[in-house]
Protein chains: 2
Amino acid sequence: MDKFTERRGQLAASALKTLSELGYARTSLREIAQNSEFSHGVLHYYFTDKVDLITFCVREYKIECATRYDDLVAAATSASELRTGFAAAMAETLCEEPHMHRLWYDLRNQSLFEESFRKDALEIDQVLQDMIWRIVSRYAELASTPLTVTPRTAYAMFDGVFQLALLHQLAGHEDAAGNLQDDVVRVLDSLFLVS
Amino acid sequence: MDKFTERRGQLAASALKTLSELGYARTSLREIAQNSEFSHGVLHYYFTDKVDLITFCVREYKIECATRYDDLVAAATSASELRTGFAAAMAETLCEEPHMHRLWYDLRNQSLFEESFRKDALEIDQVLQDMIWRIVSRYAELASTPLTVTPRTAYAMFDGVFQLALLHQLAGHEDAAGNLQDDVVRVLDSLFLVS
DNA sequence: GCAACATCTTGACACTCGTCAAGACTTTCT
DNA sequence: AGAAAGTCTTGACGAGTGTCAAGATGTTGC
């Protein structure tokens with residue numbers, strides 16, 4: 001039973017890899033199995049359903065997301081340090097893990113069509129929003145400026161610039177990461193200047 | 001040959017309807033045909049491919065998008081009028097055409113995985129960015145404030161808040177449209193207050 | 001060693017998919 | 001009217017899908 005959950009995680013990792021490469025629309029259970037060391041039938045031993053498998057994957061993914069910038073927030077001693085560090089970290093994950101990010105956007109989009117994914121998508125969205133808010137509120141603290149924006153709005157703005165940067169990054173535009181860095185700085189500043 | 005292009009448009013409309021209801025992943029040619037008054041074989045008479053059909057659809061969709069807020073921009077006589085009008089118009093299309101919007105996001109996301117869609121997605125994205133920029137620059141003109149943001153950044157921010165609002169709208173959150181309206185006003189203001 | 005259980009493979013099933021070809025129906029032209 | 005071109009339907013094909021059951025293989029306990 002310990003081995004059971006371990007293997008579930010192992011298969012979920014293979015599924016995440018496949019999904020991030022092919023996208024939701026073209027990912028099949030056989031393809032997932034081929035990206036693991038097992039045959040396709042085993043997936044129905046560890047997961048009841050295809051939906052069950054993907055839902056489990058999404059939850060696994062969530063854990064990885066939640067704490068991506070937490071070290072940064074904890075370590076920053078000044079507002080400008082946090083600002084540039086955050087911008088650099090976003091640009092880095094854009095370059096290093098673009099496939100995982102496009103997978104997340106793909107699954108979140110699927111939740112717009114299939115209700116079975118909606119709950120998890122909204123939950124992860126909330127986690128990401130909290131993550132952004134920790135950065136933003138810490139920044140306000142360090143800069144001693146009042147916050148005039150809601151967590152939702154702040155998250156939406158950063159999500160927008162990141163998603164657009166991802167599109168250009170995967171399209172081969174070499175300035176995508178640099179532009180993202182500029183945008184993040186600009187957006188972060190703009191949050192505190194609203195009257 | 002005139003009838004030919006007319007029927008292509010007719011079938012493309014059926015395809016758009018199907019895509020907006022089911023999403024890219026679950027849309028088949030037979031389903032598209034069933035949403036038209038023809039049988040499934042006819043699609044290969046008017047389109048060489050499934051990719052050809054969907055590409056054509058996306059182009060059709062683009063035309064509808066390009067001018068959505070142009071009347072608003074032309075009619076506005078003051079900054080605050082443009083601001084509230086823009087926010088209201090976004091909230092309205094969020095409520096009226098959520099399925100078309102989720103389709104656009106779905107197809108743009110597909111372009112992150114399938115290169116065949118990338119060119120069209122980037123092209124439409126540019127059209128949308130220009131559309132936003134017409135509003136933003138006109139607003140700056142009316143308010144006599146200098147613009148300190150790039151078209152790309154401005155578009156990314158509005159796209160972010162709209163996409164998040166769409167997610168909550170389709171999830172049944174009744175305050176989605178109202179929140180979007182607030183966010184749009186806030187984002188628009190923040191564009192001009194960056195030092 | 002043997003039985004009981006857990007794990008995994010194999011192969012099949014019913015179904016859907018994109019594609020295409022053969023032919024029926026409709027329209028147009030002479 | 002009859003031929004020719006255009007338009008549409010039907011049915012089939014090979015491939016791929018999720019699902020599941022039967023059995024092979026591996027592991028554990030006595």
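The shown structure was predicted, so the numbers you read here are calculated from the model rather than taken from an experiment. Side chains are part of it too, since the values below use all heavy atoms of this structure and drop only hydrogens, waters and symmetry mates. All chains are named by letter (A, B, ...) in the order of the sequence lines, taking the proteins before the strands, and each is independently numbered beginning at 1.
Using a cutoff of 4.0 Å between basic side-chain nitrogens and carboxylate oxygens, B:K17 and B:E31 are not scored as salt-bridged.
Residue B:F38 contributes atom CZ, which lies 17 Å from atom P of C:dC25 at whole-angstrom precision. Across the protein-nucleic acid pair, B:Y46 atom OH and C:dT19 atom P stand 18 Å apart, rounded to whole Å. Per the geometry, CZ belonging to B:F4 stands 17 Å off C1' belonging to C:dT28, to the nearest Å. A:D49 has its CG atom 9 Å from the C1' atom of D:dT19, to the nearest Å. Here the C1' atom of nucleotide C:dC17 and the OH atom of B:Y24 are 12 Å apart, to the nearest Å. Rounded to whole Å, the distance from CD1 on A:I32 to P on D:dT19 is 11 Å. Spacing between atom CD of A:E6 and atom C1' of C:dT7 amounts to 14 Å, rounded to whole angstrom units. Atom P of nucleotide D:dG23 and atom OH of A:Y45 are separated by 18 Å, given to the nearest angstrom.
Taking the side chain as every heavy atom from C-beta outward, A:R59 and A:T55 approach each other to under 4.5 Å.
Shown here are the ring-ring contact (aromatic ring centres under 6.0 Å, His included) partners of B:Y24, two or more places apart in sequence or in another chain: B:F117. Every side-chain hydrogen bond (donor to acceptor under 3.5 Å, both in side chains) that A:T150 has, sequence neighbours left out, goes to A:T153. Every residue two or more places apart in sequence or in another chain was checked for a side-chain hydrogen bond (donor to acceptor under 3.5 Å, both in side chains) with B:D71, and none qualifies.
A donor-acceptor contact closer than 3.5 angstrom links the side chains of A:Q126 and A:D130.
Here the NZ atom belonging to A:K50 is positioned 10.0 Å from the NE2 atom belonging to A:H44, to the nearest 0.5 angstrom.
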All N/O contacts under 3.5 Å from nucleotides 25-30 of chain D to the protein, with atom names and distances to one decimal?
none

Between N or O atoms, less than 3.5 Å apart, protein on one side and nucleotides 12-17 of chain D on the other: list the pairs.
{"from": "D:dA12", "atom 1": "N6", "to": "B:R30", "atom 2": "NH2", "distance (Å)": "2.9"}
{"from": "D:dT17", "atom 1": "OP1", "to": "A:S28", "atom 2": "OG", "distance (Å)": "3.0"}

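Relative to the six-membered ring of A:Y69, A:R134 misses at least one condition, a distance below 6.0 Å or an angle of at most 45° to the axis.
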Side-chain donor-acceptor distances from residues 75-89 of chain A under 3.5 Å, at least two apart:
{"from": "A:T77", "atom 1": "OG1", "to": "A:E81", "atom 2": "OE1", "distance (Å)": "2.8"}
{"from": "A:S78", "atom 1": "OG", "to": "A:E81", "atom 2": "N", "distance (Å)": "3.1"}
{"from": "A:E81", "atom 1": "OE1", "to": "A:T77", "atom 2": "N", "distance (Å)": "3.1"}
{"from": "A:R83", "atom 1": "NH1", "to": "A:D189", "atom 2": "OD1", "distance (Å)": "3.1"}
{"from": "A:R83", "atom 1": "NH1", "to": "A:D189", "atom 2": "OD2", "distance (Å)": "3.0"}
{"from": "A:T84", "atom 1": "OG1", "to": "A:S80", "atom 2": "O", "distance (Å)": "3.1"}
{"from": "A:T84", "atom 1": "OG1", "to": "A:E81", "atom 2": "O", "distance (Å)": "3.2"}

